[in-house]
Amino acid sequence: MIIAIDGPASSGKGTLARKLALHYGLPHLDTGSLYRAVARRLLKDGADLHDTVMAEDAARSLTEADLSDPRLRDEETGEAASIVSAMPGVRAALLEYQRTFAHQSGGAVLDGRDVGTVICPEADAKLFVTAAAAVRAKRRADELRARGETADDRRILEDIEARDRRDAERAVAPLRPAADAHLLDTSNLSIEAAFEAAKAVIESAVHQSAAERPPDKPAGL
Ligand code: C5P
């Protein structure tokens with residue numbers, strides 16, 4: 001079974017994807033970490049973030065060390081990731097890895113921005129997870145404070161809105177729900193409530209595709 005989870009920054013999609021992967025016993029890929037790793041490499045090398053040659057080269061040669069860089073999750077890296085992710089060559093270089101991950105035996109859970117639209121349009125279940133920008137900014141600020149870091153609420157909200165705009169307005173694989181994605185607004189939902197809602201969507205999608213499948217094909221679950 002392939003589960004595609006897309007949505008904007010701090011919508012809760014990563015937490016949801018991890019919980020679903022654990023629940024269904026599936027491997028999980030946080031596709032944002034690939035773009036973050038490309039960005040991190042450029043930042044580390046002191047390269048210009050708009051240098052497409054350097055960015056494509058990094059995307060083609062990512063290593064485990066890049067993916068476990070301790071600064072992968074910080075704000076600077078997230079911002080830089082949204083710049084390199086708008087480059088068609090970077091997206092093309094990372095496409096095959098993501099598709100292969102999704103199609104491993106038994107399937108997988110992938111979260112990102114274009115999983116349901118570009119990486120796996122054939123996914124068994126697609127969720128588009130959203131939340132109001134102010135709610136996402138508050139979650140982000142709480143997360144930073146919990147880690148002992150300082151957080152400027154207004155600046156975080158501005159950054160989230162700028163990243164949403166950049167991700168939604170880019171020419172390649174813009175952030176948008178797939179036509180057959182189920183929208184899940186987590187603005188007023190706890191993690192547990194979002195998880196329950198997501199499971200209900202997945203189970204109904206899987207039963208529906210089982211009902212439509214010819215009798216000789218095995219079920220996804
Ligand atoms: O989800 P996360 O905040 O880790 O993603 C960082 C950035 O990577 C996003 O702002 C987006 O620009 C980019 N991204 C993308 N496509 C994906 C996942 C992430 O363009 N599938």
Side-chain angles (χ1 to χ4, degrees), residues 2-21 28-43 49-50 52 55-56 58-59 62 66-103 108-123 126-131 133 135-137 139-141 143-144 147 156-178 181 184 186:
I2 300 175
I3 303 175
I5 305 186
D6 291 305
S10 300
S11 57
K13 64 183 189 313
T15 306
L16 198 56
R18 279 190 296 279
K19 278 178 82 71
L20 290 168
H28 166 229
L29 179 64
D30 160 13
T31 63
S33 67
L34 304 173
Y35 296 95
R36 285 174 179 266
V38 171
R40 193 70 240 146
R41 182 93 78 78
L42 264 60
L43 289 168
L49 288 172
H50 296 89
T52 52
E56 285 172 32
L62 284 185
D66 291 316
L67 292 166
S68 49
D69 188 298
R71 296 194 54 192
L72 216 58
R73 307 285 339 145
D74 71 19
E75 294 297 296
E76 182 193 28
T77 311
E79 274 294 305
S82 89
I83 296 174
V84 299
S85 70
M87 300 171 182
V90 167
R91 304 201 73 85
L94 298 173
L95 185 68
E96 207 44 48
Y97 175 78
Q98 296 174 79
R99 286 206 172 137
T100 305
F101 189 95
H103 287 281
V109 180
L110 286 84
D111 73 86
R113 303 290 189 287
D114 63 339
V115 182
T117 50
V118 176
I119 308 296
C120 273
E122 67 287 11
K126 296 181 190 176
L127 282 155
F128 192 85
V129 183
T130 58
V135 173
R136 290 186 282 129
R139 285 180 190 159
R140 187 70 191 131
E143 204 178 293
L144 289 172
R147 292 203 315 232
I156 291 175
L157 178 59
E158 283 168 7
D159 286 351
I160 279 195
E161 288 173 338
R163 192 126 76 89
D164 283 357
R165 261 195 310 278
R166 207 178 295 137
D167 288 351
E169 289 171 3
R170 67 184 177 216
V172 268
L175 172 67
R176 62 173 175 78
L184 182 61
T186 66

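For ligands, and for the atoms within them, numbers begin at 1 and follow the listed sequence. Throughout, residue positions are numbered sequentially from 1 according to the sequence presented.
At least one N/O-N/O distance between T31 and ligand 1 falls below 3.5 Å.
A distance-only check finds no donor-acceptor pair linking the side chain of R136 to the backbone of S11 [under 3.5 Å]. Using modelled atom types, no side-chain atom of R99 and backbone atom of C120 make a donor-acceptor pair closer than 3.5 Å. Proximity of a side-chain donor or acceptor of D6 to a complementary backbone N or O of F128 within less than 3.5 Å is not detected. Formation of a donor-acceptor pair under 3.5 Å by the D111 side chain with backbone atoms of I5 is not found in this model. Looking only at distances, a side-chain donor or acceptor of K126 sits under 3.5 Å from a matching main-chain atom of G116.
Contacts between A9 and ligand 1, counted as non-hydrogen atom pairs separated by less than 4.0 Å, are absent for every part of the residue. At a heavy-atom cutoff of 4.0 Å, ligand 1 is contacted by the side chain of R170 but not by its backbone.
Close approach of ligand 1 to G112 (heavy-atom distance below 4.0 Å) involves ligand atoms 18 (C), 21 (N). Short contacts between ligand 1 and R36, defined as distances under 4.0 Å to a heavy atom of the residue, involve ligand atoms 2 (P), 3 (O), 4 (O), 6 (C). The atoms of ligand 1 that sit less than 4.0 Å from any heavy atom of D167 are 9 (C), 10 (O), 11 (C), 12 (O). The atoms of ligand 1 that sit less than 4.0 Å from any heavy atom of R73 are 4 (O). Residue G32 has at least one heavy-atom neighbour below 4.0 Å for each of these atoms of ligand 1: 4 (O), 5 (O), 18 (C), 19 (C). Those atoms of ligand 1 that come under 4.0 Å of a heavy atom in A81, given as number and element, are 6 (C), 7 (C), 8 (O). For ligand 1, the atoms closer than 4.0 angstrom to any heavy atom of S85 are 11 (C), 12 (O), 13 (C), 20 (O).
A side-chain donor-acceptor contact under 3.5 Å links R40 and T77. Between S82 and R166, the side chains place a donor N or O and an acceptor N or O closer than 3.5 Å (distance only, hydrogens not considered).
Distances from atom 20 (O) of ligand 1 to the heavy atoms of R91, R113, K13 put R91 nearest.
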### Task
Begin with the C-alpha distance, continue with both residues' side-chain angles, and end with the deciding distance and a verdict on side chain to side chain contact (heavy atoms under 4.5 Å, CB included) for R163 and E75.
CA-CA 11 Å; R163 192 126 76 89; E75 294 297 296; 5.6 Å; no
### Message
Is there a salt bridge (charged side-chain N to carboxylate O under 4.0 Å, His left out) between R36 and D30? Walk through the geometry before answering.
### Response
CA-CA 10 Å; R36 285 174 179 266; D30 160 13; 6.0 Å; no
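Distance from atom 8 (O) of ligand 1 to its nearest protein heavy atom, with residue and atom name: Y35 CB, 3.6 Å. Counting only heavy atoms of the protein, atom 10 (O) of ligand 1 lies nearest to R163 NH1, 2.7 Å.
Within the 4.0 Å heavy-atom shell around ligand 1 one does not find R166.
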